[in-house]
Amino acid sequence: MDMQTDLVVVGGGLAGFCAALQAAQDGYEVILLEKQSETGGSSVLSGGCLAFAGTDMQREAGIDDSPELLFNDLREVGKYENDESLVRCYVANQLDTYAFLKQAGVKFGATLEASSGQSVPRVHNVDPADMVRLLQARAVATGKVTVLMQTAAQRLVVDPADSRVVGVTATGDAGKFVVRGRAGVLLTSGGFCRNAELVHCYAPQYDNAIFIGGEGNVGDGLRMAQKLGADTCDMAYIKGTFGKHPTDETNHHSCQCVYKGAIAVNQDGKRFVDESISYKLLGDACIAQPYASAFQILDHRILKSGDNSVRILDFERRLEEGLMIEAQTLEELAALIEVPVDTLIATVDQYNGYVDAGDDPDFGRRHLVHEHGALVRIDQAPFYAYPSTAAVFGTYCGLRVDDTLRVIDVFGDALPGLYAAGEVIGGLHGAAYMTGSSLGKAAIFGRVAARSALAALK
Ligand SMILES: Cc1cc2nc3c(=O)[nH]c(=O)nc-3n(C[C@H](O)[C@H](O)[C@H](O)COP(=O)(O)OP(=O)(O)OC[C@H]3O[C@@H](n4cnc5c(N)ncnc54)[C@H](O)[C@@H]3O)c2cc1C
């Protein structure tokens, strides 16, 4: 029962369905393979934050953002280790993708927030499961997209005559078969955070971390492409995200009180980092602390400045769930979390002094997050502590691609017929991470990759 189509898409997360819908809207047929019994991968588990700049929502909220500022922030947060041409590709196609999502019916939340790596509020917030299901439904409704569930791509099929990737071998209910794509294959199979062995190869320091992500995300696409000689990038920058509660299993999201003014202290009651930096870098700093854990310390004013519509900023919900530890005084709080009382009080006093003086000589913190927001004192009871560790939510590294999303081999040549988008690729993030740029890159690069591949059929 071999099958043929215009484009084979491997993986039914955000990247896969943006690719499929774009291809269908452009008049092409797609077969999308999803190996799990449900589509959605990490996309549906995510916090639903997408990074766009210069949108109508930002203008209406009086936020002065621009594609140039987005470009500069992405480069800066990635410590210039990211691929400039790929960052340009993200920036050039992001507003169009925002419009594409809106046109498909995706609803963005009313508030805009600033988070990791952002100089201005540019988190555009969605219900991620609703978004993926909607895009899937829209794609299938075109009549041009076939989704094969519980069907795993196994290997890439190459035409021996010209070494072009022309399809995949797959296994599903009907056994083993081949799906061929006239324009080739687009890998949107996600990262590999559910493959402990593979993560260990690149980031052994995270061996004991918590791993959260789509169950099927074990690196299939990465390895299929590597078999053909594909190059990789950003592998050295796998990092955990700071702010995951170490023991709570009901809520898998991180909580970023630090980006509204909290400080992070270790088990000794001492600060250890500039809390405004990317939460991936905070993750590295946290994992190096005793017991690989910390507490975010905040007061009532900071608690109230959270945003319950954005999962990573819904502080009050954490309080209601009993995850946030509350006390009327810092002395009581220190006793509850078992850190030395005198040290915690001295740490908070000293920090408040730094806020007043506008100078943090210890860690150089100047803003709430990245270049955004003025620091606030921690002095209004009640006080709170949020236990936090670093959890690996994704690998954010992988196949090297060019700015048309062609997969590049170890000698710098494009592998003909092979494209990749979403978390399976490296190159966009570099050394750290801007909130919203991973869902952003799945949506943006999914569309760009589909168009790039299908250009061959015109
Ligand atoms: C808890 C959490 C919170 C997050 N929050 C955010 C956020 O707020 N903002 C943000 O930008 N990013 C966030 N991320 C990261 C983001 O969700 C992912 O990077 C992004 O969704 C990846 O999309 P994708 O389409 O590339 O992959 P996925 O959505 O993971 O989809 C990949 C799909 O491919 C399938 N697949 C794998 N191998 C095969 C195969 N061999 N054959 C067929 N199918 C296969 C998988 O089963 C899966 O369904 C978060 C991640 C997590 C886990």
Side-chain angles (χ1 to χ4, degrees), residues 8-20 31-52 113 115-117 123-129 131-132 135-136 147-156 168-172 179 185-195 210-225 240-241 243-244 251-254 256 279-280 310-313 391-399 420-425 428-429 433-446 449:
V8 180
V9 176
V10 177
L14 181 61
F17 284 114
C18 283
I31 294 178
L32 184 148
L33 285 64
E34 170 52 55
K35 77 175 188 187
Q36 299 296 118
S37 57
E38 284 186 27
T39 53
S42 286
S43 301
V44 296
L45 301 176
S46 76
C49 304
L50 289 107
F52 297 119
E113 296 286 352
S115 188
S116 180
V123 163
H124 293 69
N125 185 41
V126 299
D127 180 317
M131 171 172 68
V132 176
L135 293 166
Q136 176 173 354
V147 179
L148 303 179
M149 294 301 301
Q150 290 180 283
T151 304
Q154 303 286 355
R155 296 286 187 275
L156 294 162
V168 293
T169 58
T171 47
V179 190
V185 173
L186 168 54
L187 298 170
T188 54
S189 48
F192 56 92
C193 74
R194 298 301 284 255
N195 184 335
I210 300 167
F211 290 86
I212 298 170
E215 274 181 37
N217 293 14
V218 293
D220 291 352
L222 178 71
R223 286 179 297 180
M224 282 190 271
T241 293
K244 169 78 184 74
N251 188 340
H252 61 251
H253 295 289
S254 70
Q256 303 298 340
Y279 48 51
K280 299 272 177 198
V310 179
R311 287 168 171 78
I312 57 176
L313 299 173
V392 179
F393 289 141
T395 37
Y396 307 118
C397 59
L399 298 173
E423 204 183 302
V424 70
I425 68 165
L428 178 79
H429 306 298
Y433 179 73
M434 176 190 291
T435 302
S437 61
S438 204
L439 285 174
K441 86 173 183 189
I444 295 164
F445 293 158

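Being a predicted model, the structure only gives us computed values, none of them experimental. One-based numbering, in listed order, for ligands and for the atoms of each.
The side-chain heavy atoms of F17 and T39, taken from C-beta on, include a pair separated by under 4.5 Å. At a threshold of 4.5 Å between non-hydrogen side-chain atoms, the residues C193 and Y396 do not count as touching. A heavy-atom distance below 4.5 Å is found between the side chains of S254 and F393. Using a 4.5 Å heavy-atom threshold, the side chains of V168 and Q154 count as separate. Residues K441 and I425 are in side-chain contact: their nearest non-hydrogen atoms beyond the backbone lie under 4.5 Å apart. A heavy-atom distance below 4.5 Å is not found between the side chains of V424 and M224. When side chains are defined from C-beta on, C18 counts as touching L135, because their heavy atoms get closer than 4.5 Å.
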>> One pair to check against side-chain contact (heavy atoms from CB on, under 4.5 Å): Y279 and S115. What are the steps and the verdict?
In response: CA-CA 9 Å; Y279 48 51; S115 188; 3.9 Å; yes
>> side-chain contact (heavy atoms from CB on, under 4.5 Å), that's the test. Do E113 and I312 meet it? Break it down for me.
In response: CA-CA 10 Å; E113 296 286 352; I312 57 176; over 6 Å; no
> What's the verdict on side-chain contact (heavy atoms from CB on, under 4.5 Å) for M131 and L50, showing C-alpha distance, side-chain angles and the deciding distance?
Replying inline: CA-CA 12 Å; M131 171 172 68; L50 289 107; 4.3 Å; yes
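Listed by atom number, the atoms of ligand 1 under 4.0 Å from G216 heavy atoms are 37 (C), 38 (N), 47 (O). Within ligand 1, counting atoms from 1 as listed, the ones closer than 4.0 Å to a heavy atom of G48 are 8 (O). Shown in contact with A152 at under 4.0 Å from a heavy atom are these atoms of ligand 1, numbered in order with element: 42 (N). The ligand atoms of ligand 1 that sit less than 4.0 angstrom from a heavy atom of G12 are 33 (C), 34 (O). Every atom of ligand 1 with a heavy atom of L45 under 4.0 Å away is listed here by number and element: 1 (C), 2 (C). In the vicinity of A442, heavy-atom distances shorter than 4.0 Å reach the ligand 1 atoms 23 (O). The contact set between ligand 1 and G422, taken as ligand atoms under 4.0 Å from a residue heavy atom, comprises 26 (O). Below 4.0 Å from some heavy atom of Q36 lie the following atoms of ligand 1, by number and element: 47 (O).
In S437, the part holding a heavy atom less than 4.0 Å from any atom of ligand 1 is the backbone. With a 4.0 Å cut-off on non-hydrogen atoms, V44 does not touch ligand 1 at all.
The closest approach between G41 and ligand 1 falls below 4.0 Å for a heavy atom of the residue. Remark: distances from the non-hydrogen atoms of T151 to ligand 1 include one below 4.0 Å. Residue G394 places every heavy atom at 4.0 Å or more from ligand 1. In this structure, L33 counts as a contact residue of ligand 1, since one of its heavy atoms falls inside 4.0 Å of the ligand. Under a 4.0 Å heavy-atom criterion, Y396 is in contact with ligand 1. Within the 4.0 Å heavy-atom shell around ligand 1 one finds Y433. Heavy-atom separations between I212 and ligand 1 include at least one value shorter than 4.0 Å.
Protein heavy atom in closest approach to atom 17 (O) of ligand 1: S46 CB, 3.2 Å. Protein heavy atom at the shortest distance from atom 40 (C) of ligand 1 is D220 OD2, 3.6 Å. Remark: minimum distance from atom 5 (N) of ligand 1 to any protein heavy atom is reached at G47 N, 2.9 Å. Of all protein heavy atoms, the one closest to atom 8 (O) of ligand 1 is C49 N, 3.1 Å. Atom 25 (O) of ligand 1 has A15 N, 2.9 Å as its closest protein atom, hydrogens excluded (heavy atom only). Nearest protein heavy-atom neighbour of atom 49 (O) of ligand 1: E34 OE1, 2.6 Å. When hydrogens are left out, the protein atom nearest atom 20 (C) of ligand 1 is S43 OG, 3.9 Å; that is the closest non-hydrogen contact. The shortest contact between atom 34 (O) of ligand 1 and any protein heavy atom is with G11 CA, 3.2 Å.
Atom OG1 of T395 and atom NE2 of H429 lie 9.0 Å apart (nearest 0.5 Å). Summarising the geometry, atom CD1 belonging to I212 is positioned 13.0 Å from atom CG belonging to N217; distances are rounded to the nearest 0.5 Å. Note that CE of M149 is 12.5 Å distant from NZ of K35, once rounded to the nearest 0.5 Å.
A side-chain donor from one of T241 and K280 sits under 3.5 Å from a side-chain acceptor of the other.
Around the CZ atom of R223, the shell of radius 6.0 Å holds more than 12 heavy atoms that belong to other residues, nucleotides or ligands. When the shell of 6.0 Å around CD of Q150 is examined, it contains more than 12 heavy atoms from other residues, nucleotides or ligands.
Considering backbone and side-chain atoms alike, L14 places an N or O below 3.5 Å from some N or O of ligand 1. For ligand 1, none of its N or O atoms has an N or O atom of T435 under 3.5 Å away.
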